[in-house]
Amino acid sequence: MIELRDVSKRYPASGRPALDRVSATVGAGEFVFLIGPSGSGKSTLLRLLLREDVPTSGSILIDGLDVAGLPRRKVPKLRQRIGCVFQDFRLLPKRTVAGNVAFALEVLGRTPSEIRIAVPELLEMVGLQGKAERLPHELSGGEQQRVAIARASVNRPPLLLADEPTGNLDPETGREIMQVLERINRAGTTVLMATHDSSIVDAMRRRVIELADGGVLRDEARAVYGAGR
Ligand code: ADP
Ligand code: ADP
């Protein structure tokens, strides 16, 4: 699903590289936590996977697609294969819950009748049936994150990237969001989640890739947050 080979990223006008010869392979259907202190390179790695930026050297394959070498006109096709969830939800504030999910389907060119069928299914998947007509500001943080997950799932993407998805949520709500992500993972989507949330990592016991100073410090199956220190 994801293959990183000797990926390095050096930003202009900065000394040490943000990523330094990172290699890792993530298989289809895996659930992987990406951890490491602030500044260790997690966001840079997620940006490279989305082709928001390109590596200085090394190669990145997603589903066999050469992300770094992809011509610009093929970038939208790559991004259609990758769902994204963020710490700050990033919903459209003036659209309803259903409208937010519908918008993502409209962008994909789905017909109104396809959208009418898909939106309630997606809202049910994330446990938001009954909230379709609410506006984002009328929802709790956990509910807003559920909308964001539903929106990220419209295309049944093979890969879901989550950047601190529980970072703005209380612990109980964070655990509920993890159940939603687990369900999506069980349905076949590969999940790569950057997080600082040690209790969630410890509770889930999934693969952990730990970055430090741009390099892979640890890559361990069924791991906890604090091992190896
Ligand atoms: P993390 O997400 O783990 O906090 P980042 O990927 O944001 O780490 O940052 C890794 C390193 O790259 C840090 O030293 C950071 O200062 C640097 N960095 C990140 N983005 C930029 C940028 N746009 N320009 C210059 N340096 C950057
Ligand atoms: P907004 O004002 O938030 O954009 P709209 O009511 O204009 O929301 O709806 C946008 C799209 O969302 C509509 O074209 C429709 O396909 C879909 N939609 C809206 N409400 C629902 C709903 N309750 N169930 C399913 N689809 C809906």
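When a residue number appears, it is its place in the shown sequence, counting from 1. Indexing begins at 1, ligand by ligand and atom by atom, following the structure's order.
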Give the numbers and elements of all ligand 1 atoms closer than 4.0 Å to a heavy atom of [X].
X: Ser38; value: 4 (O)
X: Ser40; value: 1 (P), 3 (O), 8 (O)
X: Gly41; value: 1 (P), 3 (O), 5 (P), 6 (O), 8 (O), 10 (C)
X: Arg16; value: 14 (O)
X: Arg47; value: 20 (N)

- Message: Is it true that Asn100 and Arg90 share a donor-acceptor pair across their side chains at a distance under 3.5 Å?
- Response: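 Side chains of Arg90 and Asn100: no pair found under 3.5 Å.
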
- Query: Does a donor on one side chain sit under 3.5 Å from an acceptor on the other, for Asp6 and Ser8?
  - Reply: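 Side-chain D/A pair, Asp6 to Ser8: absent.
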
- Item | Selection from Gly39, Pro37, Ala18 by shortest heavy-atom distance to atom 4 (O) of ligand 1 |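 Looking at heavy atoms only, Gly39 sits closest to atom 4 (O) of ligand 1.
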
Nearest neighbour in protein (non-hydrogen) for [atom]:
atom: atom 2 (O) of ligand 1; result: Ser43 OG, 2.5 Å
atom: atom 5 (P) of ligand 1; result: Thr44 OG1, 3.7 Å
atom: atom 27 (C) of ligand 1; result: Tyr11 CD1, 3.2 Å

- Task: For atom 7 (O) of ligand 1, decide whether some protein heavy-atom distance is shorter than 4.0 Å.
- Result: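 Under the 4.0 Å cut-off, atom 7 (O) of ligand 1 does have protein heavy-atom neighbours.
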
- Message: Under 4.0 Å from atom 15 (C) of ligand 1, can you find at least one protein heavy atom?
- Response: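 Flag for atom 15 (C) of ligand 1 set to false, no protein heavy atom closer than 4.0 Å.
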
- Message: Tell me which pairs pass salt bridge (charged side-chain N to carboxylate O under 4.0 Å, His left out) where either residue lies in residues 23-39, with sequence neighbours left out.
- Response: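 The answer is Glu30-Arg207.
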
- Salt-bridge present (Arg175, Glu172; N to O < 4.0 Å):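 Here Arg175 pairs with Glu172 in a salt bridge, since their nearest N and O are under 4.0 Å apart.
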
- Item | Pair Glu176 + Arg146: basic N to acidic O under 4.0 Å |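 Salt bridge flag = yes for Arg146 with Glu176.
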
- From Cys84 atom SG to Ile149 atom CD1, the distance as rounded to the nearest 0.5 Å: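 Interatomic distance, Cys84 SG to Ile149 CD1, rounded to 0.5 Å: 12.5 Å.
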
- Message: Could you walk me through whether Thr96 and Arg134 satisfy the side chain to side chain contact (heavy atoms under 4.5 Å, CB included) test, starting with their C-alpha distance in whole Å, then the side-chain angles of each, then the deciding distance to 0.1 Å, before giving a yes or no?
- Response: CA-CA 5 Å; Thr96 62; Arg134 303 288 182 85; over 6 Å; no

- Query: Who pairs with Phe33 by ring-ring contact (aromatic ring centres under 6.0 Å, His included), at least two apart in sequence or on another chain?
  - Reply: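 Partners of Phe33 by the ring-ring contact (aromatic ring centres under 6.0 Å, His included) criterion, ordered by chain and then number, come out as Phe31.
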
